[in-house]
Amino acid sequence: MRYELIIFDNDGVLVDSEPISNTLLAAYLTELGHPTTYEDSLRDYMGSAMHRIHDLVLERTGRRLPDDFDDVFHARVFAAFERELKPVPGAVQVLEKLAADGVPYCVASSGSHERIRVGHRTTGLDRWFDEGRVFSSQDVGRGKPAPDLFLHAAERMGVRPEKCAVVEDSPLGVQAANAAGMDVYGFTAMTPADRLTGATQLFSDMGELADLLV
């Protein structure tokens, strides 16, 4: 394989969480007086760290979200995860192939460590990711589209950025990977291909990924 490290985004790439979390986010923002549709949430917030939601709402309305916004939102999301969350189809097969071939991999997510862990535990993906393979925007000063998270993951895994491939499904994630000097494979299962135009290569079926990386 031409890459020494595969860096996976989490939400929408490993766990099929985007429909759940964006439905709940749109509903909660609307409840708080910031009318937001599911499509609005996908467009504006998919792939971003929580601070981006606060920043955009403040910028657009001049009003701050409640101090307990993150806690309330995460409580709703985690409860829904326990009921509904599944792995992205094909994700387990990709991880099995990488592990069998001895290719290092990790996850670098805009979500919190707790969110990553809840999702992995619920879907059974936790067996593939020990603590040393999990990186969150909580670990760095700036989330995506800044390159900090991907560069941090590569450094901790001991691999140069140009030897890394990132698997992403959001425009913010593709921007971050490009800024980090890494190849990026854009997963179009939920995101229109024209929103991931900066990707090295696009694909729509996670089962295809292992062959694309060779």
Side-chain angles (χ1 to χ4, degrees), residues 5-26 28-29 34 36-61 65 69-70 73-74 77 88 91 105-116 119 134-156 161-162 164-204 206 209:
L5 176 66
I6 311 302
I7 304 175
F8 290 94
D9 176 42
N10 190 55
D11 294 292
V13 169
L14 294 174
V15 295
D16 195 15
S17 53
E18 295 293 9
I20 298 170
S21 59
N22 282 282
T23 296
L24 292 172
L25 178 57
Y28 189 25
L29 288 172
H34 306 287
T36 306
T37 66
Y38 172 70
E39 292 74 20
D40 292 338
S41 184
L42 287 177
R43 182 194 66 227
D44 294 341
Y45 304 120
M46 182 173 163
S48 65
M50 290 299 293
H51 68 77
R52 178 178 167 85
I53 303 171
H54 290 264
D55 293 345
L56 278 182
V57 169
L58 179 60
E59 177 184 315
R60 291 171 174 175
T61 70
L65 291 170
F69 178 86
D70 292 13
F73 175 63
H74 283 131
V77 167
V88 167
Y105 63 87
C106 65
V107 61
S109 172
S110 292
S112 66
H113 278 282
E114 183 182 14
R115 176 177 172 134
I116 298 167
V134 177
F135 305 99
S136 161
S137 62
Q138 290 179 310
D139 302 329
V140 295
R142 300 180 299 169
K144 305 169 190 178
D148 304 34
L149 177 56
F150 291 141
L151 292 173
H152 171 70
E155 181 181 12
R156 291 290 300 274
E162 64 271 18
C164 299
V166 174
V167 186
E168 264 288 354
D169 70 333
S170 75
L172 293 175
V174 169
Q175 291 174 44
N178 285 332
M182 300 175 180
D183 282 356
V184 54
Y185 289 75
F187 185 41
T188 61
M190 277 195 60
T191 308
D194 61 4
R195 298 197 66 212
L196 301 178
T197 52
T200 307
Q201 188 161 349
L202 300 175
F203 70 106
S204 60
M206 191 57 68
L209 179 62

*Salt bridge check: are Lys144 and Asp9 linked by an N-O gap of less than 4.0 Å?*
yes

*Tell me yes or no: between the side chains of Ser21 and Arg115, is some donor less than 3.5 Å from an acceptor?*
yes

*Those residues that, when tested against Ser41, pass side-chain hydrogen bond (donor to acceptor under 3.5 Å, both in side chains) (two or more places apart)*: Asn22

*asked:* Set out, in order, the CA-CA distance, both residues' side-chain angles and the distance that settles side-chain contact (heavy atoms from CB on, under 4.5 Å) for Phe135 and Ile7, then state yes or no.
replied: CA-CA 10 Å; Phe135 305 99; Ile7 304 175; over 6 Å; no

*asked:* Is the shortest side-chain heavy-atom distance between Leu29 and Leu65 below 4.5 Å?
replied: yes

_Which residues share a side-chain hydrogen bond (donor to acceptor under 3.5 Å, both in side chains) with Asp40, sequence neighbours left out_ = Thr37, Arg43

*asked:* How about CD on Glu162, more than 12 heavy atoms from neighbouring residues, nucleotides or ligands closer than 6.0 Å, or not?
replied: yes

*Do Leu172 and Arg52 have side chains that get closer than 4.5 Å, going by heavy atoms?*
yes

*Gln138 and Ile116, any side-chain heavy atoms less than 4.5 Å apart*: no

*Not counting sequence neighbours, which residues clear side-chain hydrogen bond (donor to acceptor under 3.5 Å, both in side chains) with Ser17? List them please.*
Asp11

*Taking the side chain as every heavy atom from C-beta outward, state whether Val13 and Tyr185 have any pair of such atoms under 4.5 Å apart.*
no

*Any idea how Tyr28 and Phe73 line up, ring-wise: parallel (<30°), tilted (30 to 60°), or perpendicular (>60°)?*
parallel

*Between Val134 and Val107, is a side-chain contact (heavy atoms from CB on, under 4.5 Å) present by the stated rule, with each step listed?*
CA-CA 5 Å; Val134 177; Val107 61; 3.9 Å; yes

*Do Asn178 and Val184 come within less than 4.5 Å of each other through their side chains, counting heavy atoms only?*
yes

*asked:* Side chains of Leu56 and Arg60, heavy atoms from C-beta outward: is any pair under 4.5 Å?
replied: yes

_Would you say that Pro19 contacts Met190 through its side chain, given a criterion of any heavy-atom pair below 4.5 Å between the two side chains?_
yes

*Please tell me if the side chains of Asp70 and His54 come closer than 4.5 Å, counting only heavy atoms from C-beta onward.*
yes

